[in-house]
Amino acid sequence: MSARVGINIRSTKTARYALEIARGHKTLETRESDSLRCYVGRRVGLIETGRGKARLVGYATIGAPIKLAYSDFKTREIDHLVKPGDLFYPKPGDFKYCYPMVNAAQCEHREISTRGILARSLRPNE
């Protein structure tokens, strides 16, 4: 189930989004831009950031994005888990790219020391 790259998924004070994806509860990963397009169809690691050191928490395959307008975003809350008032909730008039996260699975959590803004290399023995 290994992957060579992991995508960064930032946690907030109230939500651990990477872990929710790994558990199969969050089935859409939201982004402001089409930044994950190059990973569509690939299995990637899920790297939790924003809670101390970055750590790998699971894996998922990224599907082609759905573009959701602000007005449609709330109707899919059960899939993306982003609540109104959250840092990642869109503003009126905005939209989000929502990437289906397919065949998600948890793994033993491990710290990741590589760096990257969008994604990081996953070293086998890290």
Side-chain angles (χ1 to χ4, degrees):
M1 220 188 322
S2 65
R4 299 178 92 172
V5 68
I7 60 167
N8 294 324
I9 302 170
R10 185 172 166 197
S11 292
T12 66
K13 290 180 181 179
T14 58
R16 296 182 70 184
Y17 294 120
L19 197 54
E20 293 299 332
I21 292 169
R23 290 176 175 163
H25 301 154
K26 178 176 167 59
T27 58
L28 291 176
E29 169 60 3
T30 65
R31 300 288 166 129
E32 288 184 12
S33 68
D34 198 10
S35 61
L36 297 180
R37 173 71 60 184
C38 61
Y39 300 111
V40 169
R42 292 178 57 188
R43 189 141 185 95
V44 298
L46 306 170
I47 300 174
E48 182 179 46
T49 64
R51 295 177 58 92
K53 295 193 180 209
R55 72 186 129 271
L56 178 70
V57 298
Y59 298 93
T61 301
I62 299 180
I66 303 161
K67 198 171 175 181
L68 286 182
Y70 172 82
S71 57
D72 300 320
F73 199 73
K74 182 147 182 78
T75 65
R76 299 295 300 267
E77 187 176 309
I78 194 165
D79 299 317
H80 58 67
L81 304 181
V82 181
K83 308 256 188 258
D86 186 286
L87 173 68
F88 302 113
Y89 205 84
K91 293 173 180 48
D94 287 351
F95 60 87
K96 288 283 195 165
Y97 289 89
C98 301
Y99 294 86
M101 304 302 277
V102 184
N103 296 322
Q106 289 188 75
C107 67
E108 186 175 328
H109 299 191
R110 64 181 169 98
E111 284 186 10
I112 302 296
S113 62
T114 57
R115 298 202 180 272
I117 294 171
L118 174 65
R120 300 163 189 246
S121 174
L122 297 177
R123 297 178 184 149
N125 297 328
E126 191 168 28

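Taking all atoms of both residues into account, the shortest heavy-atom contact from A60 to I21 is CB-CG2, 4.3 Å. Here the closest heavy-atom approach between residue L81 and residue I78 is recorded as CD2-O, 3.7 Å. What you find for I47 and A54 is that their closest heavy atoms are CG2-CB, 3.8 Å. Residue P100 comes nearest to P65 through the heavy atom pair CD-CA, 4.3 Å, listed as atom of the first residue, atom of the second, then distance. Scanning all heavy atoms of the two residues, the minimum distance from G50 to R10 falls at CA-CG, 4.5 Å. A119 and V5 get closest at one heavy-atom pair: CB-CG2, 3.7 Å.
A donor-acceptor contact shorter than 3.5 Å links the side chain of R55 to the backbone of R51. Distance alone, capped at 3.5 Å, places no donor-acceptor pair between the N103 side chain and the T61 backbone. At least one donor-acceptor pair closer than 3.5 Å links the side chain of R120 to the backbone N or O of T114. Side-chain N or O atoms of K96 include none that pairs as donor or acceptor with a backbone N or O of C98 at under 3.5 Å.
Looking only at side-chain heavy atoms (C-beta outward), N8 and I117 stay at 4.5 Å or farther from each other. Under the 4.5 Å side-chain criterion, counting only non-hydrogen atoms from C-beta, L46 is not in contact with K26. A 4.5 Å side-chain heavy-atom check between I112 and L122 finds at least one atom pair inside the cut-off. A heavy-atom distance below 4.5 Å is found between the side chains of F88 and Y17. For the pair L19/H109, a side-chain contact is recorded, criterion being any heavy-atom separation below 4.5 Å from C-beta on. Residues L56 and C107 form a side-chain contact, since some pair of their non-hydrogen atoms from C-beta on lies under 4.5 Å apart.
A salt bridge does not link D94 to K91: none of the charged side-chain nitrogens sits closer than 4.0 Å to a carboxylate oxygen. Ion pairing between K83 and D86 fails under the 4.0 Å rule for side-chain N and carboxylate O.
Taking the six-membered ring where the residue is Trp, H80 and Y89 present perpendicular rings, their angle passing 60° and hence far from 30°.
Hydrophobic clustering (side-chain heavy atoms under 4.5 Å, transitive across Ile, Leu, Val, Met, Phe, Trp, Tyr) groups Y97 together with V40. In the hydrophobic clustering of this structure, L68 groups with I9; members are Ile, Leu, Val, Met, Phe, Trp, Tyr whose side-chain heavy atoms approach within less than 4.5 Å, directly or through other members. Criterion: ILVMFWY side-chain heavy atoms under 4.5 Å apart, direct or through other members. Under it, I62 and Y59 are not part of a common hydrophobic cluster.
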I would like to know whether R110 and E108 meet salt bridge (charged side-chain N to carboxylate O under 4.0 Å, His left out); could you show each step before the answer?
CA-CA 6 Å; R110 64 181 169 98; E108 186 175 328; over 6 Å; no
Might you work through the salt bridge (charged side-chain N to carboxylate O under 4.0 Å, His left out) test for R37 and D34, ending with a clear yes or no?
CA-CA 6 Å; R37 173 71 60 184; D34 198 10; 3.0 Å; yes
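In the displayed structure, E77 atom CD is contacted under 6.0 Å by more than 12 heavy atoms of other residues, nucleotides or ligands.
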